A.B. asks: 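My structure is below; once you've seen it, I'll send some questions.
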Amino acid sequence: MRRRLLALAAATAAFLILAPASEAAEYVPGRVVVKYRDGAPRVVRAVVQRRTGTGGSRKLPGGPRLLRILRNRSVPETLAALRRHANVEYAVPDYIAHAAAPFYPNDPGFGSTPAGWTNTQWDLAGPNGVDAPNAWAEVAAAGAPGGAGVTVAMLDTGLAYEDHGRFRKAPDLRRNRVTRGFDFVDDDRHPDDENGHGTHVSMTVAEATNNGLALTGLAYGAKIMPLRVLDREGAGDAVAISRAIRYAAAHGADIINMSLEFDTSVTASQIPEIVSAVRYAHRKHVLMVAAAGNEADTAVAYPARTMHVIAVGATTQNGCQADYSNSGSGLKLVAPGGGSDAPNTDNPYDQQHCTPGVEEPPIFQQTFTRDGAVRSFGLRGSEYEGTSMASPHVAAAAALLIASKRLGSHPSPAAVETRLEQTARDMGPPGYDTRYGFGLVQPTAALGP
């Protein structure tokens with residue numbers, strides 16, 4: 001049964017270079033960057049340049065000046081001469097930056113070969129995935145590896161995050177990556193997963209990475225706030241979901257992921273408590289992401305259809321709309337969900353890329369080896385295909401973007417959503433369309449200039 005449920009920030013004066021500590025940093029030959037002390041008059045600056053054999057002064061943003069070396073001197077010799085003058089505040093080389101190299105963690109996947117995860121997680125490393133290695137490098141260069149500092153609330157069946165009673169923690173989940181949550185099904189403080197769906201979805205975001213075990217998580221440095229709203233059968237009510245949304249917003253979540261759906265016949269007027277909770281979370285500046293639904297319908301399901309929520313459809317390994325994925329005017333983005341291609345033949349893109357009727361790979365993450373087996377874990381993909389799997393890819397991409405501070409220290413949910421939409425990879429008919437929305441989420445592009 002299918003599951004339905006660079007930026008290289010650098011001033012012109014000095015650039016960051018990612019090089020081994022044993023290697024000398026590279027710089028541009030024949031020029032240096034100088035900052036004179038405040039109040040140094042032009043005549044004094046001219047004297048300094050004449051005595052140090054520099055000239056061609058060009059003022060840079062923030063006050064420093066770019067000077068050419070006029071005599072047959074090296075950069076170190078010129079810097080030494082400049083630093084001897086009392087009117088020079090600092091003198092430095094014009095360092096060179098290099099694009100961050102892609103990060104390939106050592107997690108082995110199903111085998112024992114380091115970085116073997118790439119053979120399984122097509123959704124993160126494949127040609128129609130989200131380009132995780134480059135995104136990881138970019139966000140690490142920004143000082144927030146794996147989305148560190150961001151909290152993602154997961155409204156789902158819970159999470160295998162602790163050894164408690166009959167429950168066991170998933171081996172590839174770090175304890176310090178989980179913050180306090182709540183169980184809105186049993187009304188207690190132990191949102192332990194009794195199904196497996198919630199653990200699988202959460203691992204797409206935060207599975208431990210580069211620890212030589214199992215698979216990877218797209219935002220492995222982020223924290224998960226597990227909020228159990230679905231029971232062991234994967235069903236939950238509107239009241240529990242609305243309570244969880246409010247809890248997440250009130251307890252420090254930056255992002256809420258909802259890999260769940262109502263039937264497409266349900267309207268906003270039938271779930272006013274959820275609509276109200278979404279508005280509350282939006283006022284608290286929380287970004288919300290949800291699964292568009294898995295009925296192959298032409299309408300996006302709630303809560304994804306609610307205003308202020310990013311509705312996410314699913315794509316396959318071929319980069320095509322999945323045959324179960326809902327479409328509709330409210331669809332914003334798509335992300336890997338696995339499964340077979342939809343039989344769309346009305347546009348050149350789908351005609352060229354898609355092969356309907358051929359089973360394609362699902363999404364693999366560590367979870368229970370079978371539903372409800374709360375003490376047995378494996379890399380399970382069977383049955384795990386759906387917009388439930390697509391949604392956390394977008395939530396994780398948002399976590400990387402927020403953590404990078406690419407949009408500032410505290411970007412608004414609207415700013416994050418717009419950035420993800422503007423940098424998505426267009427699929428299907430050119431421009432926005434109701435099958436692929438603005439396109440396939442691409443965190444590396446979102447993190448770029």
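In this chain, residues are counted from 1 in sequence order. Model, not experiment: these values are computed from the prediction.
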A.B. asks: Ignoring hydrogens and angles, tell me if any N or O in the side chain of R177 forms a donor-acceptor pair with the backbone of G221 under 3.5 Å.
C.D. replies: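 The answer is yes, because a donor-acceptor pair under 3.5 Å joins these two groups.
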A.B. asks: To the nearest 0.5 Å, what is the distance between CD1 on I256 and CZ on R246?
C.D. replies: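 It is 11.0 Å, given to the nearest 0.5 Å.
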A.B. asks: For R228 and D186, run salt bridge (charged side-chain N to carboxylate O under 4.0 Å, His left out): C-alpha distance rounded to whole Å, both residues' side-chain angles, the deciding distance at 0.1 Å, then the answer.
C.D. replies: CA-CA 9 Å; R228 184 172 179 243; D186 292 335; 3.0 Å; yes
A.B. asks: Please check if the side chain of N326 supplies one atom and the backbone of A299 the other of a donor-acceptor pair under 3.5 Å.
C.D. replies: yes
A.B. asks: Could you verify whether a donor N or O on one side chain and an acceptor N or O on the other, from E359 and S340, lie under 3.5 Å apart?
C.D. replies: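 Note: E359 and S340 side chains meet the donor-acceptor criterion.
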A.B. asks: Answer yes or no: is there an ion pair linking R425 with D131, defined by an N-O contact shorter than 4.0 Å?
C.D. replies: no
A.B. asks: Distance-only, no hydrogens or angles: does the H200 side chain make a donor-acceptor pair with backbone N or O of I363 under 3.5 Å?
C.D. replies: yes
A.B. asks: Do we see a donor-acceptor contact under 3.5 Å between the side chains of E207 and Q366?
C.D. replies: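 Side-chain D/A pair, E207 to Q366: absent.
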A.B. asks: Are P145 and Y220 packed together at the side-chain level, in the sense that at least one heavy-atom pair is separated by less than 4.5 angstrom?
C.D. replies: yes
A.B. asks: Between D94 and R31, is there a side-chain N and carboxylate O pair less than 4.0 Å apart?
C.D. replies: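 A salt bridge is present here (some side-chain N lies under 4.0 Å from a carboxylate O).
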A.B. asks: Between the side chain of D231 and the main-chain N/O of E233, is any donor-acceptor distance below 3.5 Å?
C.D. replies: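 Checking the backbone N and O of E233 against the side chain of D231, a donor-acceptor pair under 3.5 Å is found.
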A.B. asks: Begin from the C-alpha positions of M288 and T306 and carry the test side-chain contact (heavy atoms from CB on, under 4.5 Å) through to its verdict.
C.D. replies: CA-CA 10 Å; M288 288 163 280; T306 313; over 6 Å; no
A.B. asks: Q321 and side-chain hydrogen bond (donor to acceptor under 3.5 Å, both in side chains): which partner among N344, D341, T315?
C.D. replies: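 Filter result, single survivor: N344.
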A.B. asks: Is there a side-chain contact between V286 and I255, using heavy atoms and a 4.5 Å cut-off?
C.D. replies: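 The answer is no; the side chains never approach within 4.5 Å.
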A.B. asks: Output, in order, the C-alpha distance, side-chain angles, deciding distance and verdict of ring-ring contact (aromatic ring centres under 6.0 Å, His included) for F184 and Y247.
C.D. replies: CA-CA 10 Å; F184 292 92; Y247 179 100; 5.8 Å; yes
A.B. asks: Side chains of S376 and T369 only: does a donor on one sit below 3.5 Å from an acceptor on the other?
C.D. replies: yes
A.B. asks: Less than 4.5 Å apart, any side-chain heavy atom of W122 and any of P127?
C.D. replies: no
A.B. asks: Start with the C-alpha gap between R232 and V185, add the side-chain angles, then the distance that decides, and say whether side-chain contact (heavy atoms from CB on, under 4.5 Å) holds.
C.D. replies: CA-CA 10 Å; R232 70 184 61 187; V185 177; over 6 Å; no
A.B. asks: Would you say that V229 contacts L260 through its side chain, given a criterion of any heavy-atom pair below 4.5 Å between the two side chains?
C.D. replies: yes
A.B. asks: In Å and rounded to the nearest 0.5 Å, what is the CG to OG distance from D237 to S242?
C.D. replies: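 Going from CG on D237 over to OG on S242, the span is 8.0 Å.
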A.B. asks: Check whether S276 reaches the backbone of P272 with its side chain - one donor and one acceptor, N or O, closer than 3.5 Å.
C.D. replies: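 It does not hold such a pair.
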A.B. asks: Tell me the closest heavy-atom pair linking S259 and P392, and the distance in Å.
C.D. replies: OG-CD, 3.7 Å
A.B. asks: After noting the C-alpha distance and the side-chain angles of L379 and T367, does the key distance pass the side-chain contact (heavy atoms from CB on, under 4.5 Å) rule?
C.D. replies: CA-CA 6 Å; L379 306 185; T367 188; over 6 Å; no
A.B. asks: What's the verdict on salt bridge (charged side-chain N to carboxylate O under 4.0 Å, His left out) for D163 and R175, showing C-alpha distance, side-chain angles and the deciding distance?
C.D. replies: CA-CA 11 Å; D163 295 334; R175 295 182 190 277; 3.4 Å; yes
A.B. asks: Between D193 and K169, is there a side-chain N and carboxylate O pair less than 4.0 Å apart?
C.D. replies: no
A.B. asks: Could you give the distance from CG (D426) to CG (D433), rounded to the nearest 0.5 Å?
C.D. replies: 7.0 Å
A.B. asks: I'd like to know if R435 pairs up with D350 as an ion pair, taking the criterion as any Lys NZ or Arg NE/NH1/NH2 lying under 4.0 Å from an Asp or Glu carboxylate oxygen.
C.D. replies: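 D350 and R435: salt-bridged.
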A.B. asks: For the ring pair F110 and F364, is the centre-to-centre distance below 6.0 Å?
C.D. replies: yes
A.B. asks: Could you check whether K223 pairs with D254 (Lys NZ or Arg NE/NH1/NH2 to Asp/Glu carboxylate O, under 4.0 Å)?
C.D. replies: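 Answer for the salt bridge query: no.
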A.B. asks: So do R279 and V275 actually touch side chain to side chain, heavy atoms under 4.5 Å?
C.D. replies: yes
A.B. asks: Over all heavy atoms of both residues, which pair between T264 and A301 is shortest? Give the atoms and the distance, please.
C.D. replies: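 Scanning both residues, the minimum pair turns out to be CG2-CB, 4.0 Å.
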A.B. asks: Within the side chain of W136, is there an N or O that forms a donor-acceptor pair under 3.5 Å with the backbone of Y104?
C.D. replies: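 Here the side-chain-to-backbone pair does not exist.
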A.B. asks: Let me confirm one number: the CG-CG distance from L227 to D183, rounded to the nearest 0.5 Å.
C.D. replies: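 So the CG of L227 and the CG of D183 are separated by 9.5 Å.
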A.B. asks: Would you say T418's side chain and A415's backbone share a donor-acceptor pair under 3.5 angstrom?
C.D. replies: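 A pair under 3.5 Å: no.
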A.B. asks: What pair of heavy atoms forms the shortest contact from V33 to P93, and how long is it?
C.D. replies: CG2-O, 4.4 Å
A.B. asks: Would you call R166 and E194 a salt bridge, taking side-chain N to carboxylate O under 4.0 Å as the test?
C.D. replies: yes
A.B. asks: Short question: side chain of Y436, backbone of L333 - any donor-acceptor pair under 3.5 Å?
C.D. replies: no
A.B. asks: Once the angle between the rings of Y384 and H197 is folded into 0 to 90°, is it parallel (under 30°), tilted (30 to 60°) or perpendicular (over 60°)?
C.D. replies: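 Judged by the thresholds at 30° and 60°, the geometry between Y384 and H197 is tilted.
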A.B. asks: Any side-chain heavy-atom pair from K332 and V312 closer than 4.5 angstrom?
C.D. replies: no
A.B. asks: Where the side chain of T298 meets the backbone of G328, is there a donor-acceptor pair that is under 3.5 Å apart?
C.D. replies: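 Judged by distance alone, no pair lies under 3.5 Å.
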A.B. asks: Considering only heavy atoms from C-beta outward, does the side chain of H251 approach that of M225 to under 4.5 Å?
C.D. replies: yes
A.B. asks: If you define the side chain from C-beta out and look only at heavy atoms, does anything of I274 sit under 4.5 Å from Y302?
C.D. replies: no
A.B. asks: Start with the C-alpha distance between N318 and T316, add both sets of side-chain angles, then the distance that settles side-chain hydrogen bond (donor to acceptor under 3.5 Å, both in side chains), and finish with yes or no.
C.D. replies: CA-CA 5 Å; N318 292 330; T316 67; 4.7 Å; no
A.B. asks: Could you walk me through whether S325 and D323 pass the side-chain hydrogen bond (donor to acceptor under 3.5 Å, both in side chains) check?
C.D. replies: CA-CA 6 Å; S325 184; D323 61 3; over 6 Å; no
A.B. asks: If I compare all heavy atoms of L331 with all of G313, which pair ends up nearest, and what's the gap?
C.D. replies: CD1-N, 3.3 Å
A.B. asks: Does the side-chain contact (heavy atoms from CB on, under 4.5 Å) test come out yes or no for Q365 and Q121, once each step is laid out?
C.D. replies: CA-CA 8 Å; Q365 297 289 163; Q121 291 186 288; 3.1 Å; yes
A.B. asks: Of all heavy-atom pairs between F262 and P303, which one has the smallest distance, and what is that distance?
C.D. replies: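 For F262 and P303, the tightest heavy-atom pair comes out as CD1-CD, 4.0 Å.
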A.B. asks: About how many Å separate CE of M154 and OG of S391, when rounded to the nearest 0.5 Å?
C.D. replies: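 With rounding to 0.5 Å, OG (S391) is 7.5 Å from CE (M154).
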A.B. asks: State, to 0.1 Å, how close N257 and A395 come at their nearest heavy-atom pair, and which atoms those are.
C.D. replies: OD1-CB, 3.8 Å
A.B. asks: Can you tell me how far CG of N195 sits from CZ of R370, rounded to the nearest 0.5 angstrom?
C.D. replies: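 If I round to the nearest 0.5 Å, the distance is 13.0 Å.
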A.B. asks: Run the ring-ring contact (aromatic ring centres under 6.0 Å, His included) check on F438 and Y432 step by step: do they pass?
C.D. replies: CA-CA 5 Å; F438 289 96; Y432 177 86; 4.9 Å; yes
A.B. asks: Is the closest side-chain donor-acceptor distance between N210 and D107 under 3.5 Å?
C.D. replies: no
A.B. asks: With no hydrogens and no angle check, is any side-chain donor or acceptor of T209 less than 3.5 Å from a backbone partner on T216?
C.D. replies: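 No, because the side chain of T209 does not come within donor-acceptor range (under 3.5 Å) of the backbone of T216.
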